[in-house]
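Okay, structure first, notes after.
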Amino acid sequence: MEPRHRPLSPEFFHQPTLELAKALLGCLLVKETKDGPASGFIVETEAYMGAGDRAAHSYRNRRTKRTEVMFAEPGRVYTYVMHTHTLINVVSGDRDVPEAILIRALEPYEGLDLMSVRRAGRKRKEWTNGPGKLTQALGITREDYGRRFTEWPLYLSSGFVPEQISSGPRIGIENTGKARFYPWRFWVSDNLYVSK
DNA sequence: CTTACGATGTCCT
DNA sequence: GGACATCGTAAGG
């Protein structure tokens, strides 16, 4: 199958994780299923800095079936299940440097009819303003684990350049000591779809 | 096999 | 601001 948009090149992912977390803001995240394409612009990300980051699944280089893909080359898809929701990350860092970037919020772009069905009963603003919500809206599942963000059916494409970027502490990692205070969450300033 | 728990969302007060 | 549903993953017996 041919992607509907031109995917980013593999080289894009070869940059320091905190830089990549900011560079992802404004990019278009696309998932194509048999029901059609659905996509949105990334407006919020969080960086997880690998072995030295107590909040990361790969803290102390913990290597399990779940975290295995974090040790692969950058640009891979890391999905995992949190309670009843699937969350999606962009694998970052060179091979054997297990860093990743959580995609926390999108601004809906294509497949709005599809999203309204998948997020039935919610207002448009609630379709993609959270990491578990956006995967539901786009039809992203744990089956997407290990894919490349440069290939159909789940890929990234260029979008807009944010006017301004804000940063602050990450969310939902209360029990991680000092790591909870690191300003590794980034978002498009004043965007309506940022979570929280 | 058993247990504990979490990078959440939703509903309730 | 708090309770809790709900289930895959990880770790321990």
Side-chain angles (χ1 to χ4, degrees), chain A residues 17-18 20-22 24-25 27 29 31 38 40 42-72 74-93 97-108 115-147 149 154 156 166-188 191-196:
Chain A
T17 297
L18 294 179
L20 183 57
K22 287 180 273 191
L24 285 168
L25 296 175
C27 288
L29 176 64
K31 175 71 190 278
I42 297 175
V43 298
E44 183 181 359
T45 60
E46 272 179 4
Y48 286 85
M49 300 300 286
D53 180 3
R54 193 168 154 190
H57 293 153
S58 52
Y59 179 51
R60 290 175 171 157
N61 279 318
R62 186 168 59 157
R63 192 162 188 155
T64 65
K65 182 171 183 182
R66 181 177 71 159
T67 63
E68 184 60 33
V69 75
M70 295 181 78
F71 292 82
R76 293 274 190 169
V77 176
Y78 172 35
T79 51
Y80 77 97
V81 176
M82 173 58 173
H83 289 252
T84 54
H85 301 274
T86 300
L87 275 58
I88 184 169
N89 294 253
V90 178
V91 171
S92 180
V97 179
E99 301 174 346
I101 298 158
L102 172 68
I103 300 175
R104 285 197 60 90
L106 304 176
E107 177 174 329
M115 294 191 206
S116 71
V117 171
R118 291 167 172 163
R119 296 285 299 148
R122 283 86 165 183
K123 297 173 186 169
R124 176 170 173 156
K125 194 192 163 197
E126 306 293 321
W127 291 351
T128 55
N129 67 337
K133 299 176 186 178
L134 69 91
T135 54
Q136 186 181 17
L138 264 59
I140 292 166
T141 70
R142 62 200 180 97
E143 306 301 309
D144 292 309
Y145 181 96
R147 290 190 196 279
F149 276 109
L154 173 60
L156 286 160
S166 302
S167 64
R170 295 170 292 180
I171 303 218
I173 53 166
E174 314 308 317
N175 197 19
T176 60
K178 290 186 298 182
R180 63 182 293 195
F181 301 115
Y182 301 160
W184 291 342
R185 171 176 169 243
F186 304 96
W187 64 94
V188 175
N191 187 278
L192 181 63
Y193 295 92
V194 171
S195 72
K196 203 175 185 187

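Because the structure is predicted, anything quoted here is derived from the model rather than measured. First the proteins, then the strands, lettered A, B, ... as listed; each starts at 1.
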Discussion item. Does dA10(C) have its OP1 or OP2 closer than 4.0 Å to a side-chain nitrogen or oxygen of T64(A)?
Written reply: yes
[X] [atom1] to [N] [atom2], straight-line distance once rounded to whole Å:
X       : N       : atom1 : atom2 : value
H85(A)  : dG8(C)  : NE2   : P     : 13 Å
K65(A)  : dA11(C) : NZ    : C1'   : 16 Å
Y145(A) : dG8(C)  : OH    : P     : 16 Å
R62(A)  : dA10(C) : CZ    : C1'   : 7 Å
H83(A)  : dA10(C) : NE2   : P     : 15 Å

Item to complete: Look only at the side chain of R122(A) and the backbone of A120(A), and say whether a donor-acceptor pair between them is shorter than 3.5 Å.
Response: yes
Practice prompt. Could you tell me whether the side chain of D53(A) and the main chain of A55(A) form a donor-acceptor pair under 3.5 Å?
Written response: yes
Discussion item. Is any side-chain heavy atom of L134(A) closer than 4.5 Å to one of I88(A)?
Written reply: yes
Worksheet item: Is the number of heavy atoms from other residues, nucleotides or ligands under 6.0 Å of R60(A) CZ greater than 12?
Response: no
Worksheet item: Between T84(A) and R142(A), which is nearer to the 5' end of DNA chain C once each is assigned its nearest nucleotide?
Response: T84(A)
Worksheet item: Hey, which of Y80(A), F71(A), Y48(A) is the one that makes ring-ring contact (aromatic ring centres under 6.0 Å, His included) with H57(A)?
Response: Y80(A)
Touch check for [X], heavy atoms < 4.0 angstrom, all strands: base, sugar-phosphate only, or nothing?
X       : value
I173(A) : sugar-phosphate
R185(A) : nothing
R170(A) : nothing
R122(A) : sugar-phosphate

Worksheet item: At what distance, to the nearest 0.5 angstrom, does CZ of R185(A) lie from CD of E46(A)?
Response: 6.5 Å
Worksheet entry | Nearest-0.5 Å distance, CD of residue E107(A) to CD1 of residue I42(A) | 12.0 Å
Discussion item. In dot-bracket form, 5' to 3', how is DNA chain C paired? Count Watson-Crick and G-U wobble pairs only if both distances fall under 3.5 Å, and write | where the partner sits on another strand.
Written reply: |||||.||||||.
Item to complete: Let me know, please, whether R119(A) or I101(A) comes out on the 5' side of the other along DNA chain B by nearest nucleotide.
Response: I101(A)
Fill in: Contacts of Y145(A) that satisfy ring pair (Phe, Tyr, Trp, His ring centres under 6.0 Å) - sequence neighbours left out
none
Fill in: Pairing of K133(A) and E126(A) as salt bridge, 4.0 angstrom limit
yes
Item to complete: Heavy atoms of chain A, cut-off under 4.0 Å: which first and last nucleotide of DNA chain B, 5' to 3', fall inside that, if you could look?
Response: dG6(B) to dT10(B)
